[in-house]
Amino acid sequence: MRVPFYDIKAQYDELAPQMDAAVHQVISSGGYVMGPNHAGIEREIADLHEMKHGIALNSGTDALRILMDAAGIGHGDEVITTAFTFVASVETIVQTGAKPVFVDIDPHTFNIDAAKIQAAITPRTKAILPIHLFGQMAEAEKIAEIACANNLVVLEDAAQALACTRHGKPAGHYGIGAGFSFYVTKNLGAAGDGGMIVTNSDEIAEACRSIRVHGMGRERYYYDHLGYTSRLHEVQAAVLRVKLTKLAAWNARRAELAAIYNDVLAGSSVQLPTILEGNNCTWHQYSIRTSRRDELQAFLKTKEVDSMIYYPVPIHFHEPYKAFGHGAGSLPETELAAKEILNLPIHPHLSDAQVRHAAESILAFADQTAAV
Ligand SMILES: Cc1ncc(COP(=O)(O)O)c(C=O)c1O
């Protein structure tokens, strides 16, 4: 039985009539730039996160970059984050001219270890960028407390944390704003790229809206900021609005599949995901750990079970970022997690049987290796 890691087409198939109508409506309208769907998805995502403003953009990467620009982060500043992430979290810090400062992760959640932040603060620290990985939030209330005590800004990388909450508060509420990604494979994915900033600050929202369109102010062809061209395409906004109607059901299905994995794998030798108390997890990934990761991945392949490694190489080991880190051994939990993590299929269009097959294949691997 094949267990694919993603099945994006199944999302389309479930919603084909609505999706076709929405795309056709945009294409036939001639209104392609910042139309009613652009405004609609901004309102709907902001409402979902109980935030005042949503600023739709063409990627999650731009969401982080524009949020940092709006917060005034630049040359001479330091931004505390982790090296266990998708490159965009760090790439955008470097692009502003600021220096990323890496703090190690909690080995159970893969998110920043809040207890290690204070030691990384220097007189140049301007911001903390927690990354809410895999569908659960970092210990945002502790991070906000440290930030407040040290007069720092918190920006949340919520690319993988749409609809996540911590102690009942959605991502975005613990800092000056959050950036989401609507990349195809996210829990809410566009038919291509997309992203959004949410914020409660009128000032930050106004700056983000301006930076999104070349830094243009309220008056056309008058510029207040250095900007980009980063609007969300109207077709993507329309696709996202259709898929948003299914997000709660799809996330609920992910939770059911996670429960199957937890059930079948309980007591096995692999480390199962830890969800912190107070977190509502949306299961963007189901991540296990084992010291025999590469062997397990090869074995799963023979059983037609796909798996992925998020992330195989910590950011401080990559050439453009080496200068910002302190080499091998400097982030022991990050470095070990990169060697041990394995992400299993958990998209909402999997059947119970497929997930049971994936989980039982892991048990079979353990039995087989125990017998050797
Ligand atoms: C943690 C994290 N940050 C930032 C991004 C960037 O988002 P995008 O791919 O939409 O530019 C992603 C997306 O893959 C991500 O997973």
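Counting starts at 1 for both ligands and their atoms, following the listed order. Atom set for the values below is all heavy atoms of this structure, side chains included, hydrogens, waters and symmetry mates excluded.
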Enquirer: Under a 4.0 angstrom heavy-atom cut-off, which atoms of ligand 1 come close to A88?
Expert: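 Atoms satisfying the 4.0 Å criterion: 4 (C), 5 (C), 6 (C).
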Enquirer: Should R292 and E295 be marked as a salt bridge (charged side-chain N to carboxylate O under 4.0 Å, His left out) after you check the CA-CA gap, both sets of side-chain angles, and the distance that decides it?
Expert: CA-CA 6 Å; R292 312 190 69 178; E295 286 165 79; 2.7 Å; yes
Enquirer: Between E156 and H132, do the side chains contain an N or O donor and an N or O acceptor separated by less than 3.5 Å?
Expert: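 Yes, H132 and E156 have a side-chain donor paired with an acceptor closer than 3.5 Å.
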Enquirer: Using a 4.0 Å heavy-atom cut-off, which part of T85 comes near ligand 1: side chain, backbone, both, or neither?
Expert: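 The side chain, only.
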Enquirer: Would you check whether S181 has a nitrogen or oxygen atom less than 3.5 angstrom from a nitrogen or oxygen atom of ligand 1?
Expert: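 Checking ligand 1 against S181, an N or O pair does fall under 3.5 Å apart.
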Enquirer: What class does the angle between the rings of F102 and H316 fall in, given that below 30° is parallel, 30 to 60° is tilted and above 60° is perpendicular?
Expert: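 The rings of F102 and H316 sit tilted, inter-plane angle from 30° to 60°.
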Enquirer: Regarding N280 and Q136, is there a side-chain donor-to-acceptor distance under 3.5 Å anywhere?
Expert: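 On atom types as modelled, these side chains do not qualify, holding no pair under 3.5 Å.
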Enquirer: In terms of atom number and element, which parts of ligand 1 are under 4.0 angstrom from non-hydrogen atoms of I131?
Expert: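 Listed by number with element, the hits are 1 (C).
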Enquirer: Of all the atoms in ligand 1, which lie at a distance below 4.0 Å from a heavy atom belonging to K186?
Expert: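 The atoms of ligand 1 under 4.0 Å from a heavy atom of K186 are 12 (C), 13 (C), 14 (O), 16 (O).
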Enquirer: Under 4.0 Å from any heavy atom of A159, which atoms of ligand 1 are there?
Expert: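 Near A159, the atoms of ligand 1 are 2 (C), 3 (N), 4 (C), 5 (C), 12 (C), 15 (C).
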Enquirer: Give the atoms of ligand 1, by number and element, whose distance to some non-hydrogen atom of T61 is under 4.0 Å.
Expert: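 Every atom of ligand 1 under 4.0 Å from some heavy atom of T61: 6 (C), 7 (O), 8 (P), 11 (O).
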Enquirer: Under 4.0 Å from any heavy atom of G60, which atoms of ligand 1 are there?
Expert: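 Checking each atom against G60, I get 6 (C), 7 (O), 8 (P), 10 (O), 11 (O).
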